[in-house]
Amino acid sequence: MAPIRTRFAPSPTGFLHLGNVRTALFAWLAARSTGGSFVLRIEDTDQGRYVPESEAAILETLQWLELTWDEGPEVGGPQGPYIQSLRLDLYAEHARRLVESGAAYWCTCAPERLTEMRLEQQRLHQPPRYDRRCLSRQDQVAAERESGMPAVLRLRMPAGTTEWDDVIHGLIRYDNADIDDQVLLKSDGFPTYHLAVVVDDHLMGISHVIRSDEWIPSTPKHLAIYAALGWEAPRFCHAPNVLDESRQKLSKRRGARTVLEYAELGYLPEALINAMALLGWSSGTEQEVFSREELIAAFSLERVQSSPAVFDAHRLDSLNGLHIRRMDGEALVAALEFHLPETSIETRRRLVPLLRERMITLRDAVALAEPLLGPAPWDPDVVFPPRKVDPETTGALLDVAVAEVEARGLDDLEAMRLRLTELLESRGVKARDGFRVLYIAILGHPSGLPVFDAMAFIGVEKSAERLRMARQELDRRRSSPPAG
RNA sequence: GCCCGCAUCGUCUAGCGGUCAGGACCUCACCCUUUCAAGGUGGCAACCGGGGUUCGACUCCCCGUGCGGGUACCA
């Protein structure tokens with residue numbers, strides 16, 4: 001496979017969500033899997049929608065996911081700058097070439113006129129497109145521009161048809177008569193996406209334009225610009241959109257979470273990448289869990305689906321749990337620091353074996369470890385004594401446990417376990433029911449981390465203390481049963 | 001309205017003319033078990049409709065239908 005040189009070109013109008021980044025991931029994988037290169041470019045040609053913090057957030061998102069770029073902001077490169085607002089002269093130069101060759105023309109039509117025109121076209125069941133009024137009066141338009149009237153530069157869409165062989169969709173064909181004379185330069189002098197993307201992709205030597213499906217309708221415009229400039233067009237790969245549960249394109253506006261929010265919620269970058277890769281791509285084997293390296297080895301654009309995919313949060317959860325379980329121990333200890341900031345590295349090392357199998361997200365560690373790191377107040381809803389365990393057995397169990405801990409400490413918890421099991425059986429109480437007493441006493445809740453491990457963690461003193469407290473609570477509840 | 005894309009279990013998907021239509025998530029049951037998990041086993045569950053083409057269509061073609069996207073001096 002020839003090396004693919006591709007790019008991700010977000011606009012700094014907001015934060016990145018799974019939909020955006022899934023496309024970036026495909027581009028990154030295409031580059032990495034072919035030994036090619038990946039370029040990051042910021043498309044900030046819309047001054048009105050610019051959100052200052054978003055640019056930094058985009059870089060942070062990609063860095064967190066380790067979707068490394070070979071050229072772009074911060075790292076530079078031979079085709080820089082990689083921020084479009086810094087490349088205005090380049091667009092102006094190419095716009096001039098387009099005007100000179102007759103591929104573009106100036107237009108001074110007022111927005112109101114354009115709106116009215118489109119309404120009329122819609123009423124007449126016609127395709128919406130500029131009626132080229134200004135094309136036939138270029139001398140007047142020149143004079144108007146001279147006198148300071150605002151103007152835009154339009155692409156003169158040639159007649160005929162446009163088609164291309166999309167890597168993901170196959171042949172797509174358009175009748176040029178359905179395509180508008182796109183604005184290339186806005187009246188503020190900034191280029192539109194359409195001009196800038198073509199100029200930059202060509203100058204930056206992009207071999208594969210990987211972007212999402214919503215760009216399909218504007219590809220003929222881009223192809224026309226390539227042709228007008230005498231350039232060879234890159235391959236186009238239109239990746240299907242990622243949809244939310246209501247089958248709409250994922251968007252911040254509709255409540256899509258940003259990738260950075262997933263990070264805070266305790267999702268692993270590897271899991272997010274795995275989940276995103278599976279949205280629209282499959283290996284063709286039955287492997288579903290992939291490390292970053294495995295993904296690079298298995299990926300190919302040809303196996304990208306052409307139909308949109310609904311994002312499934314359950315799938316992400318499942319994958320996140322799986323990745324946590326297969327994660328290197330020390331890496332997990334380190335990753336947990338963010339969620340358990342008060343803990344020492346040693347504490348986290350002791351915690352990891354207990355937590356690992358029980359976490360869906362890293363954040364789950366907080367609730368899971370709570371009774372080990374601090375006091376363990378009882379869950380207000382806890383039933384005590386637990387169902388199926390009579391008060392006498394509960395008391396006996398607690399008494400034995402206290403005595404064991406006080407006499408022998410926690411060195412032989414297996415012996416204590418056997419002792420307690422024996423006691424429960426002799427009283428006709430199933431171990432699974434009876435041990436709930438211990439869980440409540442130690443953890444404040446009838447379920448959670450393995451209770452003997454928990455006792456070992458908190459130590460002799462606290463274990464004995466919590467057991468005695470439970471014993472007292474039992475007496476208290478027996479003398480004054482809770483109302484209701 | 002005009003243009004384009006898409007169509008297999010609830011969801012993500014495998015399939016590339018002949019399969020008991022496979023896997024994963026979700027869900028249910030069971031096993032394991034000191035709880036909860038994890039793990040294991042098994043169950044439920046799908047080819048949008050109608051025409052063709054073909055000895056034979058989930059698979060190819062056409063038409064519907066549905067869903068999505070575009071239709072901006074936003075990207």
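Per chain, numbering begins at 1; letters A, B, ... match sequence-line order.
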Asks: Applying salt bridge (charged side-chain N to carboxylate O under 4.0 Å, His left out), can you list everything that pairs with A:Arg417, at least two apart in sequence or on another chain?
Replies: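 Expected list: A:Glu414.
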Asks: Residues in salt bridge (charged side-chain N to carboxylate O under 4.0 Å, His left out) with A:Glu163, at least two apart?
Replies: A:Arg173
Asks: What pairs of residues pass the side-chain hydrogen bond (donor to acceptor under 3.5 Å, both in side chains) test when at least one of them lies in residues 307-317 of chain A, not counting sequence neighbours?
Replies: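 Matches after skipping sequence neighbours: A:Tyr267-A:Asp317, A:Glu288-A:Arg315.
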Asks: Among all residues two or more places apart in sequence or in another chain, which pass the side chain to side chain contact (heavy atoms under 4.5 Å, CB included) test with A:Arg113?
Replies: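 By the side chain to side chain contact (heavy atoms under 4.5 Å, CB included) rule, A:Arg113 matches A:Cys109, A:Met117, A:Tyr130, A:Asp131, A:Arg133.
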Asks: For residues 434-454 of chain A, pull every pair meeting ring pair (Phe, Tyr, Trp, His ring centres under 6.0 Å), keeping only residues two or more places apart or in separate chains.
Replies: A:Phe435-A:Phe452
Asks: Who passes side chain to side chain donor-acceptor pair (under 3.5 Å) against A:Ser54, sequence neighbours left out?
Replies: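 Counting only residues at least two positions away or on another chain, A:Ser54 forms no side chain to side chain donor-acceptor pair (under 3.5 Å).
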Asks: For residues 144-158 of chain A, pull every pair meeting salt bridge (Lys or Arg N to Asp or Glu O under 4.0 Å), keeping only residues two or more places apart or in separate chains.
Replies: A:Arg137-A:Glu144
Asks: Can you give one letter per nucleotide of nucleotides 33-38 of chain B, going 5' to 3': B for a protein heavy atom under 4.0 Å from the base, S for sugar-phosphate only, - for none?
Replies: BBBBBS
Asks: Whether A:Gln305 contacts B:A14 is assessed here as follows: a side-chain N or O lying under 4.0 Å from the phosphate OP1 or OP2. Is that the case?
Replies: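 So the side-chain polar atoms of A:Gln305 do come within 4.0 Å of the phosphate oxygens OP1 or OP2 of B:A14, strictly under.
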Asks: Could you tell me which residues satisfy salt bridge (charged side-chain N to carboxylate O under 4.0 Å, His left out) with A:Glu473, sequence neighbours excluded, listed by chain and number?
Replies: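 Once residues adjacent in sequence are excluded, the partners of A:Glu473 under the salt bridge (charged side-chain N to carboxylate O under 4.0 Å, His left out) criterion are A:Arg476, A:Arg477.
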Asks: With sequence neighbours excluded, what pairs up with A:Arg350 under the salt bridge (charged side-chain N to carboxylate O under 4.0 Å, His left out) test?
Replies: none
Asks: Assign a letter to each nucleotide of nucleotides 68-75 of chain B from its 5' end: B, base within under 4.0 Å of a protein heavy atom; S, sugar-phosphate only; -, no contact.
Replies: SBSSSBBB
Asks: Enumerate all atom pairs, one protein N or O and one N or O from nucleotides 41-46 of chain B, separated by less than 3.5 Å.
Replies:
none

Asks: Please check this pair: side chain of A:Asn241 against backbone of A:Pro308, looking for a donor-acceptor N/O pair closer than 3.5 Å.
Replies: no
